[in-house]
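Have a look at the structure below, then the notes.
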Amino acid sequence: MEQINNIQVVPCTSSNYLKAFTVHYSQNGTKKSWDFMQTHDSVSVLIFNTTSHCFILVKQFRPAVYMCEWERMKPAHADPEGEQGDEGCATAGPEEEQEGSEEASRPHQPPASAGVTYELCAGIVDKPHLSLEEIACQEVLEECGYEIPVSKLRRITSYRSGVGVTGAKQTMFYAEVSDENRVGEGGGQPQEGELIEVVKVPLHEAMTFAYDESIPKTMGVIFSFMWFHSNMAPKYKISTNV
Ligand SMILES: Nc1nc(=O)c2ncn([C@@H]3O[C@H](COP(=O)(O)OP(=O)(O)O[C@H]4O[C@H](CO)[C@@H](O)[C@H](O)[C@H]4O)[C@@H](O)[C@H]3O)c2[nH]1
Ligand SMILES: [Mg+2]
């Protein structure tokens, strides 16, 4: 379990990952404006291990998810844009800053598990010299430890994510792997700060997993499990409990 402490929230003024803008425009003669962020497109891969009949997912701490929970649990007086003084900044109170103290003893800070989500293996498209498929295969290797050629990828579809905020394009692939393709532990690239746990979801538990709201997960997981159910499950002649 991760230990999350020393939380400080500051305005994001310069980032390699996102840029915030306001666009002013006219729609059918009416002047409008909209705030949005430019981010990278991304790829994701539904991985099915044919040896163990399990889906291979990744589990990782997501600061954005955690901060939603942090906001929710914050006492009313701890307004980041109000009483903290620094514009738009928030710092955890003194009791939150003691390293190593029990998370349960911090009434205003959610446990780290509140920010951990189950996701498809995925990555941002930030290498112009590589195809979407090549980036997807790199992520499968780095995050999950399976080495597969691009020919093993089947494109499921692409769609827009965060249409109110980013509108970035995500492309989803499907890949069947076997234990023989496993060449490493996965886990992401520690030098880039990635700390990823590889988890297996047995095929027969997939739909129960997908609809269990107590398990935080992305829409990609739910959609891809349903895609598998209607497109691939008959091939494996296994009920997925829909
Ligand atoms: N985002 C960001 N902010 C930082 O401040 C920040 N600082 C460092 N980094 C580094 O960027 C890399 C991002 O990792 P990936 O390429 O594996 O992309 P994912 O984070 O897995 O995101 C994908 O999968 C998600 C789940 O399906 C989708 O929601 C996304 O759309 C989709 O791109 C890591 O090396 C991370 O250390 C930041 N990355
Ligand atoms: Mg990733």
Side-chain angles (χ1 to χ4, degrees), residues 2 4 6-20 36-48 55-70 88-89 112 114-148 153 155-175 177 184-199 201 209-210 215-228:
E2 333 290 347
I4 303 299
N6 296 328
I7 297 169
Q8 277 191 309
V9 185
V10 298
C12 178
T13 52
S14 160
S15 168
N16 291 330
Y17 303 99
L18 56 90
K19 289 185 176 64
F36 71 101
M37 281 191 286
Q38 281 182 349
T39 58
H40 290 103
D41 289 341
S42 61
V43 293
S44 62
V45 189
L46 173 66
I47 304 171
F48 182 63
F55 293 111
I56 309 295
L57 300 184
V58 296
K59 194 178 165 188
Q60 55 190 317
F61 177 76
R62 290 297 193 177
V65 175
Y66 184 76
M67 293 314 292
C68 285
E69 294 307 306
W70 196 79
C89 303
V116 174
T117 56
Y118 290 80
E119 308 169 10
L120 294 181
C121 167
I124 54 177
V125 177
D126 60 351
K127 301 182 183 93
H129 57 289
L130 295 183
S131 66
L132 295 181
E133 287 80 1
E134 287 168 330
I135 292 174
C137 287
Q138 271 191 358
E139 294 294 335
V140 171
L141 179 60
E142 289 170 9
E143 296 191 351
C144 300
Y146 292 91
E147 189 161 38
I148 55 163
L153 290 176
R155 189 180 175 116
I156 296 178
T157 191
S158 65
Y159 49 91
R160 297 285 166 178
S161 70
V163 290
V165 181
T166 74
K169 188 172 183 176
Q170 298 192 317
T171 305
M172 185 181 285
F173 296 94
Y174 171 68
V177 302
E185 294 292 313
Q189 296 196 293
Q191 67 274 21
E192 287 187 22
E194 286 187 311
L195 190 58
I196 291 171
E197 188 184 332
V198 183
V199 290
V201 177
F209 180 93
I215 304 172
K217 66 183 83 64
T218 60
M219 178 69 114
V221 171
I222 300 172
F223 167 74
S224 63
F225 280 11
M226 295 191 67
W227 173 86
F228 185 96

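Atoms within a ligand are numbered from 1 in the order they appear, just like the ligands themselves.
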Nearest to atom 14 (O) of ligand 1, what protein heavy atom do you find, and at what distance? E194 OE2, 3.3 Å
Backbone or side-chain N or O of I124 under 3.5 Å from ligand 1 N or O: yes
Taking distance alone, with no angle check, do T218 and ligand 1 share an N/O pair under 3.5 Å? no
Of the protein's non-hydrogen atoms, which lies at the shortest distance from atom 32 (C) of ligand 1, and what is that distance? S42 CB, 3.4 Å
Is the side chain of R160 donor-acceptor paired with the backbone N or O of G167 at a distance under 3.5 Å, no angle test? yes
Polar atom proximity, E119 to ligand 1 (N or O, under 3.5 Å): no
Who's the nearest protein heavy-atom neighbour of atom 27 (O) of ligand 1, and how far? A122 CB, 3.7 Å
Identify the closest protein heavy atom to atom 20 (O) of ligand 1: which residue and atom is it, and at what distance? R62 NH1, 2.9 Å
K217 (side chain) donor-acceptor with F209 (main chain) under 3.5 angstrom: yes
Flag Q170 as yes when one of its N or O atoms lies below 3.5 Å from any N or O atom of ligand 1, and as no otherwise. yes
Regarding A122, does it place an N, O or S atom less than 2.8 Å from the Mg ion (ligand 2)? yes
So, K19 side chain and M37 main chain: donor-acceptor pair closer than 3.5 Å or not? no
For E142, side-chain contact (heavy atoms from CB on, under 4.5 Å) partners two or more places apart: Q138, E139, Q189
Considering the heavy atoms of E143, write down every atom of ligand 1 situated less than 4.0 Å from one of them. 17 (O)
Check whether D41 reaches the backbone of A168 with its side chain - one donor and one acceptor, N or O, closer than 3.5 Å. no
Salt bridge check: are K127 and E134 linked by an N-O gap of less than 4.0 Å? no
closest protein heavy atom to atom 36 (C) of ligand 1 is E192 O, 3.8 Å
Measure the distance from atom 7 (N) of ligand 1 to every protein heavy atom, then report the residue, atom name and distance (to 0.1 Å) of the closest one. Y17 CE1, 3.1 Å
Please check if the distance between the ring centroids of F48 and Y174 is under 6.0 Å. no
closest protein heavy atom to atom 15 (P) of ligand 1 is G123 CA, 3.6 Å
Under 2.8 Å from the Mg ion (ligand 2), is there an N/O/S atom belonging to E194? no
